[in-house]
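Chain naming here is simple, since letters A, B, ... match the order of the sequence lines and numbering starts at 1 in each.
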Amino acid sequence: MTIDAITAVLLAMLGGAIRVSTPFLFVSLGETITEKAGRINLGLEGTLVMGAMSAYAASLHSGSPWLGVLAAAGAGAVFGLLHGLLASLRRVNDIALGIALMLLGTGLAFYWGKAYIQPQAPTLSAFHLGAWSDSPALRSALDINPLFIAGLLLAFALHWAFANTRIGLTLRLVGDSEAAARAAGAAVIPTRIAATVLGGALAGVGGAFLSLFYPGSWNEGLSNGQGIMAVALVIFARWQPRRCVLAALMFGAAGAIGPALQSVGISSGYYLFNAAPYALTLLLMALTCSRDTSLKGAPGELSLNR
Amino acid sequence: MSAAPARPRPLIDALLPVAALVIALMLFSLFVAMEGQAPLEVLETIFAGAFGDAFGWQNTLLRAAPLILTGLAVAIPARAGLVIIGGEGALAFGALGAAAAALALAGSPNPVIWLGMALAGMLAGGLLIGFAGALRQWRGVNETISSLLISYIAVALMNHFVEGPLRDPASLNKPSTLPLAPEAMLGNLPGLDVHVGLAVGLVCAVLAWVFLRFTIWGFTVRVVGGNPRAAAMAGLAVTPWVIGLCAAGGAMAGLAGMLEVAAVHGSCNASVLVGYGHAGILIAFIARQNPLAVIPAAILIGGIGAAGSLLQRRLDMPDATVLVLQGILFVVLIAMETLRGRAWRMPQLPAPRLAKATPAPEEPA
């Protein structure tokens, strides 16, 4: 490989990391909020697909992609509410419920989405931060979507809110020790439901990015398990919103290897490179989990650490 | 008296899946009505498409064959307390392994080919899910997430080999491995238009049930699943059992992949992956992880799947309609766990923060 080709691949990976990471960022931030309150929502995959479909449909009918983003957040919130309420019932396992809602979410999205595979909806436009450059590769790498910036700001805002606001502290207390939260007079169940609703809404926005920006159309193969990987990303980020940014960028870059190599004419092993983010997640989980101790930084009430 | 402990009520517990089905059908009817279709007509079409005539039954049983096996892939590890959801990947890997074995054994007598394909498929699926069990036992990685990640990797590997090293150059539009010779395809059961895979599935389900219920090993599994710490104290080898049950489950899904190649498609290609692995999760939950109950659950879900094309043709509904019904059924089923053992009481919200000390009013004598 020549220097030029290597530069092109690296630039494509950078651009890919920024493009591909946004859905990862939103689902992982949403899952962080939910897990901080002590629940796991494994159904974010269904929420993401539902959000992608709702966003596309709302954008097509209203002509405004931002209304589409709003619709996706709403659809995600509804799924979050469903999970939050049902998981509040006794003996209902939040992980199993998540799997069920994952099937229901994708089913409903495919059902209502049949009508939207053909038409072209207005999509979100990017900030062209690379306009100063002569290199088309760099220009395309620096086409940054407003949602990516919103996700960055959100990560830092969440980090601040978890440490400095009453709501943030209540959320963490509820997630760390139900008994202590009750003693302090916190409303445990409503807090958990609210955290799941918020998590669902953010996952919906992540889906909106898929259908309204990159790849920027609606079809049934749109999501490749970004919603599932959220749970792994949150573990990798140690339940810290700022580290979610790093994790999302890393996974975005890993996912961009295949297309980046293809752009310089290396197409063999395309599918293997597609598997890179999953393999990376698995490797990181194997390295960072431990059999003897519970995960460092994990909320105490989480059913993940058995 | 509100905090009475849950008592086992076998009859009511056994009726819960039936009640869940009824409630799910009602919710689905509501959904269908809101979509502007006549619910009764839709339900009747689903029933007709699944169980209405010989053609419907054939279609249903063709789907039930792999679904029994993917249901077992979830139900067997569940006996050790694990939630494995990587059946789709194990099926893909099994199909790939079986297709590779068929290539290697081409020209051998048919029974040798079939045996080789079955062993390769089971080995591939078993190694895949056994790996998730090993990661859990040795590294503490949650098996639900790891099995799904592994599943995605397996599907990517299958695509890689089908479109790359193992691709039949003659398969232009639809990349496939080299097809089996027509006479090497698995045949139908005598008197039925359903391939022998159905019998394979039934035998596996019965064997798993007998093993788990009536043998000393099955008892061991129950102890391991019930309380791993107590099992370890009692000197049981928990880790080999957990990994072994995961591998056995993966082998079932791998066998489902082998059957799809050897009896339906003739080669390994994208048509093998139609969601049987994911449906297996729902089936195992309907069956309450009981291998024998997996059989009727697989026939039910196979029937719902088989009705999809009739819904499309007769009522012009999307084929995802059956996915919606399955999703509603799954959610209702999980939510109804709250009624287990205490069927006639309202589900209880967690204890109030402060117990009010108001005395109960005296009953007049």
Peer 1: Can you measure from CZ (B:R167) to CG (B:N269) and round to the nearest 0.5 angstrom?
Peer 2: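 Reported value, rounded in 0.5 Å steps: 11.0 Å.
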Peer 1: Go through the atoms of A:L42 and report whether side chain, backbone, both or neither lie under 4.5 Å from a heavy atom of chain B.
Peer 2: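 When you check distances to chain B, only side chain atoms of A:L42 fall under 4.5 Å.
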Peer 1: In terms of side-chain heavy atoms, does B:S146 have a donor or acceptor partner in B:E143 at a distance below 3.5 Å?
Peer 2: no
Peer 1: Pick whichever of B:I334, B:L157, B:L135, B:L333 has the most heavy-atom pairs under 4.5 Å with chain A.
Peer 2: B:I334
Peer 1: Using side-chain heavy atoms (C-beta onward) and a distance below 4.5 Å, is B:V242 in contact with B:L82?
Peer 2: yes
Peer 1: Only pairs of heavy atoms separated by less than 4.5 Å count here; which of A:G43, A:A87, A:G107 has the most with chain B?
Peer 2: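 Looking at each option in turn, the highest pair count goes to A:G107.
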Peer 1: For B:F161, is it the side chain, the backbone, both or neither that has a heavy atom under 4.5 Å from a heavy atom of chain A?
Peer 2: neither
Peer 1: Given that the side chain runs from C-beta out, which part of B:I85 has a heavy atom under 4.5 Å from chain A: side chain, backbone, both or neither?
Peer 2: side chain
Peer 1: Kindly compute the distance separating CG (B:L300) from CG (B:L329), expressed to the nearest 0.5 Å.
Peer 2: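 Spacing of CG (B:L300) from CG (B:L329) equals 7.0 Å.
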Peer 1: Tell me, out of A:L103, A:N93, A:L82, who's got the most heavy-atom pairs with chain B below 4.5 Å.
Peer 2: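 Of A:L103, A:N93, A:L82, A:L103 has the most heavy-atom pairs under 4.5 Å with chain B.
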Peer 1: At a heavy-atom separation under 4.5 Å, does A:L86 approach chain B through its side chain, its backbone, both, or neither?
Peer 2: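 Looking at A:L86, just its side chain touches chain B.
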Peer 1: Does any donor atom in the side chain of B:R313 or B:T45 lie under 3.5 Å from an acceptor atom in the other side chain?
Peer 2: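 No.
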Peer 1: Between B:L323, B:L282, B:I328, B:L149, which shows the greatest number of heavy-atom pairs under 4.5 Å with chain A?
Peer 2: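 Heavy-atom pairs under 4.5 Å are most numerous for B:L149.
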Peer 1: Between B:M317 and chain A, with a heavy-atom cut-off of 4.5 Å, which part of the residue counts as in contact: side chain, backbone, both or neither?
Peer 2: side chain
Peer 1: Under a 4.5 Å heavy-atom cut-off, does chain A meet the side chain of B:I281, its backbone, both or neither?
Peer 2: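 For B:I281, the side chain is the part near chain A, not the backbone.
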Peer 1: Check this for me: does any side-chain nitrogen of one of A:R192 and A:E178 sit under 4.0 Å from a carboxylate oxygen of the other?
Peer 2: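 Yes, this pair counts.
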Peer 1: For a side chain to side chain contact (heavy atoms under 4.5 Å, CB included) with B:L325, tell me which candidate from B:I46, B:L311, B:I301 qualifies.
Peer 2: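 Single pass found, and it is B:I46.
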